[in-house]
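Below, chain A is the first sequence line, B the second, and so on; all start at residue 1. Side chains are part of it too, since the values below use all heavy atoms of this structure and drop only hydrogens, waters and symmetry mates.
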Number of protein chains: 2
Amino acid sequence: MPPSSESNFADRLSEVIARTGTPACVGLDPVIEKFPGAIAQSDTSDADKLKEFCRGTLDAIAGVVPAVKFQSACFERHGAPGVAALGDLIADAGSRGLLVLLDSKRGDIGITAEHYAHAAFAHGADAVTVSGYLGPDSVEPFLKPGRGVFVLVRTSNPGSDAVQSQRLADGRTVAEMMADHVAALGRTRVGSCGLSDVGAVVGATKAADGCALRARMPQQFFLVPGYGAQGGTLDYVRALLRPGARHAPAGGVLVTASRSVIYAFERDERDWVAGVGRAVGAFAAELRSLFP
Amino acid sequence: MPPSSESNFADRLSEVIARTGTPACVGLDPVIEKFPGAIAQSDTSDADKLKEFCRGTLDAIAGVVPAVKFQSACFERHGAPGVAALGDLIADAGSRGLLVLLDSKRGDIGITAEHYAHAAFAHGADAVTVSGYLGPDSVEPFLKPGRGVFVLVRTSNPGSDAVQSQRLADGRTVAEMMADHVAALGRTRVGSCGLSDVGAVVGATKAADGCALRARMPQQFFLVPGYGAQGGTLDYVRALLRPGARHAPAGGVLVTASRSVIYAFERDERDWVAGVGRAVGAFAAELRSLFP
């Protein structure tokens, strides 16, 4: 029986990680040009193509990984029909027992943030990514019972250092300052698993940086994007684990791979879903090996 | 004749400010509960209510102010039909000669930012608000010919100080560090008006902070939210003007008021558009008085 949507998000995430035995999350960043030829060239709308491709991918990954992360931008670029497709797919993923993260990186103040939270959660997402640049009070409207947030702390794009690695007068980097806000926001929202509904996005970066962020955020789930195609490795993930964690849920990470899994086929391959299935199996097993 | 959408955004904004003689911008943050009773209680869909209310508001403000700012969250909370309504209204506002800002505060890396830029500009927005926490390379995908961006630098919500006022080791605040990135990004995108396509969001804050940000961003248009209902005043705006500016376009500000204009009626008032018309006239005149 799936955990109730009213229970703590971190507990639900821990349960599905325990059930699948791996902290692997598939990132659904669908781009029509990369779809199997039979879908990309079919005589249907772009929104229908998104749905057909994503449903095939959900077929391949359900039961293998604990969660799926939808990249909102890939749907928004197709306008209202794309947004409608996203809503349908979130419901579909949830009904298959996958926890659903909506990667939309919203950030605004007060009532506006409330509108964004409503938009995300009314469509069935279990958690969202948010930006904290506007301060902790811009994150609070997203803290709803049973739902999770992942606040942007550290990203791995080339330009991120120009902001996130800047050193404050008190010795912390900007990312570490954001980490402290995340830890404080999450302190009263810790589940029986020992982890909080308030998590952090921590991209692939230097191991020393990762360790420093883990020390500041011991109770946070880290959403770690960019495994595989974007260069993240197992060694890098290891530096982000909670010290002493022996089981996947206790590790406190949720690692996403996107392109290396969802496009694991030749464009003219008929049984492309099987290709995605093999790739997600390998990805899940690789991360499972962190907890021998 | 309206300026070509291919010309520099800052030049187009300067032209419409010169034409209307005021740097006033109306913020469209529509919330159905606040609509005139005849619309709120009508037997139509939420999306149709949004469209009817916003079209009435556009009737009242077109020709009086240079620009309108749509709050994306207020449409997204109504799902795909809300997003479709937003697209229709952006086109409608543009056809009335208003410059259209889409306040969606997106921020992501590389190809994902490209998708967001496509989503915003394909629907006809002239400019968008973006978050710069992920670094300057996350803003670059939004820099399209003829389009503008306003990067979040300083906001006025209570929690903003906890991030934006933090002092770096080099003496700058986090907001000032972001301001330097904005100035650098905008340097090669300056129009014949002397201002750049890359602007900044600078909310109502202490006058000294505002002056410091202006000194760092002499070529930026400042998008200044929160005039009126949120406590912004004329004195506060004065501190943000470019030194020595004698005419509205040279001032380098675009000041938005939302609630105090768009809800300037009694809920059972039949001619509510006239009420909005009086409020926008007063708002436009008040800001015009900065340039006597």
Kindly indicate whether the side chain of [X], heavy atoms from C-beta on, has any atom under 4.5 Å from the side chain of [Y].
X        : Y        : answer
B/His115 : A/Val31  : yes
B/Tyr116 : A/Ser104 : yes
A/Ser160 : B/Tyr133 : no
A/Leu134 : B/Leu152 : yes
A/Gln166 : B/Arg172 : yes
B/Val83  : A/Glu76  : no
B/Met177 : A/Val174 : yes

Side chain, backbone, both or neither: which part of [X] has a heavy atom under 4.5 Å from chain A?
X        : result
B/Thr129 : neither
B/Val139 : neither
B/Ser131 : side chain

Open item on the list: With a 4.5 angstrom heavy-atom cut-off, is it the side chain or the backbone of A/Thr112 that approaches chain B, or both, or neither?
Closed with: both
Task: Interface moiety of A/Ala122 toward chain B, non-hydrogen atoms closer than 4.5 Å - done: neither
Task: Reported CG-to-OG1 distance for the pair B/Asp137 and A/Thr155, which is rounded to 0.5 angstrom - done: 8.0 Å
Task: Rounded distance [0.5 Å steps], CG in A/Asp29 versus CD1 in B/Ile111 - done: 10.0 Å
Open item on the list: Main chain of A/Ala162, side chain of B/His181: is a donor-acceptor contact present, judged purely on distance under 3.5 Å?
Closed with: yes
If you count heavy-atom pairs under 4.5 Å with chain B, which of [options] comes out on top?
options                                : answer
A/Asp170, A/Thr173, A/Asp161, A/Val153 : A/Val153
A/Arg106, A/Arg167, A/Gln71            : A/Arg106
A/Ala119, A/Gly132, A/Ala85            : A/Ala119
A/Pro136, A/Gly159, A/Gly203           : A/Gly159

- [ ] Would you mind telling me which of B/Gly82, B/Pro81, B/Gly110, B/Pro158 has the largest number of heavy-atom pairs within less than 4.5 Å of chain A?
- [x] B/Pro158
Open item on the list: Shorter than 4.5 Å, heavy atoms on both sides: which option in B/Arg154, B/His123, B/Arg77 has the most such pairs with chain A?
Closed with: B/Arg77
